[in-house]
2 protein chains.
Amino acid sequence: MASENRSVVTQLRKMISEGAYHQGERIGEVRVAEDLGVSRTPVRLAFRTLEQEGLLERTGKRGFVVREFSERDVQVAVEVRGVLEGLAARRLAEAGLTDPVREQLERYLAEGDRLFSKGYLEDADITDWSRLNGDFHRTIIEATGTRVIADAIRRNDHLPFASAESIIIDKRCLDGEYRKLFMAHQQHWLVFQALREGEGARAEMLMREHAYIGLRYGSLFGLTD
Amino acid sequence: MASENRSVVTQLRKMISEGAYHQGERIGEVRVAEDLGVSRTPVRLAFRTLEQEGLLERTGKRGFVVREFSERDVQVAVEVRGVLEGLAARRLAEAGLTDPVREQLERYLAEGDRLFSKGYLEDADITDWSRLNGDFHRTIIEATGTRVIADAIRRNDHLPFASAESIIIDKRCLDGEYRKLFMAHQQHWLVFQALREGEGARAEMLMREHAYIGLRYGSLFGLTD
DNA sequence: AACCAATTTTTTGGATCCAATAATTCCGGA
DNA sequence: TCCGGAATTATTGGATCCAAAAAATTGGTT
């Protein structure tokens, strides 16, 4: 009924990452169309998008199958993000921080300081931190002045981080989570210092290391959409 | 008439990179459909694919525009490829070369040695080298045992390298081209040695440097499709 | 002449129909 | 029982139709 194509993509992505269609399963247009209550057309469009994202792949035969991701794939996806964000950080450090960007980052860091000042995090704080974290990374990536890196990161995020995300949901409230997030925050400070001082190689290295926190913490960006 | 969707994507990609629709231009389904002599349906599908590839982008309003790429975008795209292939090389070096992979790479290198042994390259040699070069890189990337990196590279290749490609077409026969390709070949040797010796950091660094040759040489992979 | 509103035109999104083709089933013969 | 080919079925790709929404144009008012 009322379903714009974008929402079909989103729904389908969600259903796949939630396991409604399990990995390796062949997936047909008609069935999905019926499941979502739309005609085949938006599903066909969505399949193309999801194929490019890497969530679906064409079979040698006909139609698509849900792509299978291994633990190693997730590990590699985290490293991919690391090298890409590292590249962004290095370029930004070498180009130099403009005043608006520097001030923006400083605001985020100050907010983070405030969040962690209590020595513990409530649920609302974790939400705040999640947003703050995403803003910090986004700001750096966008400040590089090209969308090429941001696109590369975005295109790589979908499924592997969806599964990483589901891990963190369970572990969020466990002991030690505070320490982990606080460490991420401290790393942000280090990255910022390197950016401010124009230390490109160091900024890159710090950012690459920082990515590994995502392995347990979940998406550094948060899943968009 | 006889146009499978895949071919619409290919045609459209080609037309865009050749400037049939210039950058920043709004592009409508009907017009493209007429230009290609097909109905709107395959064009709509193709638009989604090209959108994900980054060749088209949605306007705030309606429809798509041909994405604009700057010189800097191409530069960054080359660096993106560098860090991704560097990651692949490091992982492979750390995991260790299996005998089949090592032998495969040695065959490519030996073929390269033969190509360059004359001290100059004919047109046919350049074709051979192009294939050889692609095979060498592909082998390394595929040997990492995950498709995540290969996908990230493939998704990033389309337009920026198309324009880089057009540069090399013109310069191929100029003086100094031989030296450049020979240097690329020598770099392959260095990368191979690092891989064989398990020197991950060195393999990564060499691969990252190696990517810069692509700036003038054109796509290291060759444009697929 | 400029600005705002209403109407017309254009364009996209979704549904459906038809054709082509891949996959499967079924049947007969060895 | 097993194999091969023909008929059947299922599924995808392309074209067309309709509705919705946005853009452009027209006209009226200040």
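Letters A, B, ... are given to chains in the order of the sequence lines, protein chains preceding strands, and every chain is numbered from 1.
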Partners of A:Tyr108 by ring pair (Phe, Tyr, Trp, His ring centres under 6.0 Å), sequence neighbours excluded?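 Testing A:Tyr108 for ring pair (Phe, Tyr, Trp, His ring centres under 6.0 Å), a comparison that skips the adjacent residues, returns none.
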With sequence neighbours excluded, tell me which residues meet ring pair (Phe, Tyr, Trp, His ring centres under 6.0 Å) with A:Tyr21.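 Scan of A:Tyr21 (ring pair (Phe, Tyr, Trp, His ring centres under 6.0 Å), adjacent residues dropped) gives none.
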Quick one: list whatever passes side-chain contact (heavy atoms from CB on, under 4.5 Å) with B:Arg208, sequence neighbours left out.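 side-chain contact (heavy atoms from CB on, under 4.5 Å) list for B:Arg208, sorted by chain: A:Arg90, A:Glu204, A:Arg208, B:Val83, B:Glu204.
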If the condition is side-chain contact (heavy atoms from CB on, under 4.5 Å), which residues does B:Ala150 pass it with, not counting sequence neighbours?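 With neighbours one apart ignored, the set is B:Ile141.
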Find every protein N or O atom lying less than 3.5 Å from an N or O atom of nucleotides 9-12 of chain C, and list the pairs.
{"residue": "C:dT11", "atom": "O2", "partner": "B:Arg62", "partner atom": "NH1", "Å": "2.3"}
{"residue": "C:dT12", "atom": "OP2", "partner": "B:Glu29", "partner atom": "N", "Å": "3.4"}
{"residue": "C:dT12", "atom": "O4'", "partner": "B:Arg62", "partner atom": "NH1", "Å": "3.2"}

Suppose we screen for salt bridge (charged side-chain N to carboxylate O under 4.0 Å, His left out). Which residues come up paired with A:Arg26, at least two apart in sequence or across chains?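 Scan of A:Arg26 (salt bridge (charged side-chain N to carboxylate O under 4.0 Å, His left out), adjacent residues dropped) gives none.
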Hey, is the side chain of B:Ser39 poking within less than 4.0 Å of OP1 or OP2 on D:dA15, counting only N and O atoms?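 Answer is yes, contact under 4.0 Å.
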